[in-house]
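Everything on this sheet refers to the single structure shown next.
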Protein chains: 2
Amino acid sequence: MTEQEKSTEDLIFNAAREEFIEKGFDGARMQEIAKRASINKALLHYYFRTKEKLFDAIFDKVFKIFMPKVLDVMQSDAPLFTKIEVFIESYIRLIMENPHIPSFILHELNRNPDRLVGLFGNVAGIVKEKGFSRFSEAVNEEIKKGTIVPIQPEQLIVNIIGLCIFPFIGRPIIQGVIFNGDKLQYDNFLESRKKEVTKFIINAIAVK
Amino acid sequence: MTEQEKSTEDLIFNAAREEFIEKGFDGARMQEIAKRASINKALLHYYFRTKEKLFDAIFDKVFKIFMPKVLDVMQSDAPLFTKIEVFIESYIRLIMENPHIPSFILHELNRNPDRLVGLFGNVAGIVKEKGFSRFSEAVNEEIKKGTIVPIQPEQLIVNIIGLCIFPFIGRPIIQGVIFNGDKLQYDNFLESRKKEVTKFIINAIAVK
DNA sequence: GTCTATACACTGATAGAC
DNA sequence: GTCTATCAGTGTATAGAC
């Protein structure tokens, strides 16, 4: 399907996704979305009625595309170390392809935490039940076997995800302060992180 | 100085700080700031002329209070492990007292990265020169001595700060998905993190 | 310095022709 | 389905009295 053949709804959706991700809900403008989609404002409301409903459609889709990736690896039967290794590499790669998504999700979730409730029973619930519980069991087994040091699975999962996501959320300050604003240095930093974070975490929990 | 004796400028400033931190620049309303300060809108403009200037005053102050804390520990002469240990505990404690500041700074810095340039030569520059360079040297020395594994100081500092900050930025999703929305569990999680993060990092880099 | 009243621009949303 | 025109509401900012 070429750009010209896309349905108007898709045009609007993609334009809105860009605008909302760049500016956030409060900063986004319906006029700007219409401009990006090369249509007029009235048509936005014809398809999605309100800005809020349009935003909801975007947020749900982005969230549902982004979160389940966590599961693909977490619920596999591979050994814990392998799981972690594969997760980190694929997750950082995923974020590198969509570097503004984490800030977008976290900021909008903070603006309206109740949004999570609407996602429960759907993605959030699945992440917890099929993803985290499974991960949690695997961690506790390894602790019992003595292959990793004692650690709460909740602390470990937050450490893993935080180490993957933080460099993107904190990009302006990292690139600005640590790398003197040099984009290339920052990009190299990200690239080498895929292996560095894995090494770091394995070191932190492995019993040697 | 009691609440009544505070200058109008301070009243405005504190009201604006709350509003901006809660809603961000785009979401904040001058009317709401006036209401919080128990004055009228016109007076806001009398003291700060524009919303932008008022915001700048807030952001600068918050940033300058929050960032230098990183230095207090980083530039000390204590051994690296002690530095890290003291930093993590005091930094997580500081954020627990101001849990919304990290999201605020990172979001607004993302909205307008050029803001950092204005802070350069001031705080950002100091953080880099006196804080990071000093830290970087200490790390490389320990690597040479063989007490820690080889690691780029840039990776290590981002890991340390990320592990401290991320639980606060990701609060809605962590509390919602991992702790079923239970605030108490989340608070306990934060509390134990002060020691858990330290252990985690020392484990990750120490040669045993 | 502080207030009330108001100007002025912009935003989300709708009406109605085609 | 798509457009132009327009409304009602809200937001920042200013004028002017006290």
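In what follows, chains are A, B, ... by sequence order, proteins preceding strands, each numbered from 1.
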* Phe166(A)-Phe166(B) aromatic ring centre distance below 6.0 Å -> no

* To do: Give a yes/no verdict on a cation-pi contact between Arg111(A) and Phe59(A), requiring under 6.0 Å between NZ or CZ and the six-membered ring centre and an angle within 45° of the axis.
  => no

* Look at the rings of Phe66(A) and Tyr91(A) and say which category their plane angle falls in: under 30° parallel, 30 to 60° tilted, over 60° perpendicular. => tilted

* **Phosphate-side-chain proximity, Thr8(B) and dT2(C), N/O vs OP1/OP2 below 4.0 Å** => yes

* To do: Please determine, for the side chain of Leu43(A), which listed nucleotide (dG12(C), dT2(D), dT2(C)) has the closest atom?
  => dT2(D)

* Rounded distance in Å - NZ (Lys6(B)) to P (dG1(C)) -> 18 Å

* Among dA13(D), dT2(C), dA13(C), the one nearest Lys51(A) by side-chain distance -> dA13(C)

* Asked: Under 4.0 Å between a side-chain N or O of Arg49(A) and OP1 or OP2 of dG12(C)?
  -> no

* Could you say whether Tyr46(A) or Lys41(A) is positioned toward the 5' end of DNA chain D, judged by the nucleotide with the nearest heavy atom to each? => Tyr46(A)

* Leu44(A) has an atom CG; how far is it from atom C1' of dC3(D), in whole Å? -> 13 Å

* Asked: If you count the non-hydrogen atoms of other residues, nucleotides and ligands that lie under 6.0 Å from NE2 in His100(B), is the total more than 12?
  -> no

* Asked: Taking Asn112(B) for the side chain and Glu108(B) for the main chain, is one N or O donor matched with an acceptor at less than 3.5 Å?
  -> no

* To do: Starting at atom OH of Tyr47(B), determine the distance to atom C1' of dT2(C), rounded to an integer number of angstrom.
  => 8 Å

* **Partner residues of Phe48(B) under the ring-ring contact (aromatic ring centres under 6.0 Å, His included) criterion, sequence neighbours left out** => none

* Write down the distance between CZ (Phe48(A)) and P (dT14(C)), rounded to a whole number of angstrom. => 15 Å

* Of the nucleotides dC3(C), dT12(D), dT4(D), which one has an atom closest to the side chain of His45(B)? -> dT12(D)

* **Expected output: side-chain Lys199(B) to main-chain Ile151(A) donor-acceptor under 3.5 Å** => no

* Separation of dT11(C) C1' from Lys35(A) NZ (nearest whole Å) -> 16 Å

* To do: Go through residues 25-32 of chain B and report each residue with a non-hydrogen atom lying under 4.0 Å from DNA chain D, sorted by number.
  => Ala28(B), Arg29(B), Met30(B)

* **Nearest listed nucleotide, side chain of Ala42(A), among dT2(C), dA15(C), dA13(C)** => dA15(C)

* Selected nucleotide, minimal atom distance to Asn40(B) side chain, candidates dT2(C), dT14(D), dT2(D) -> dT2(C)

* How many Å lie between CZ on Phe55(B) and C1' on dT12(D), as a whole number? -> 16 Å

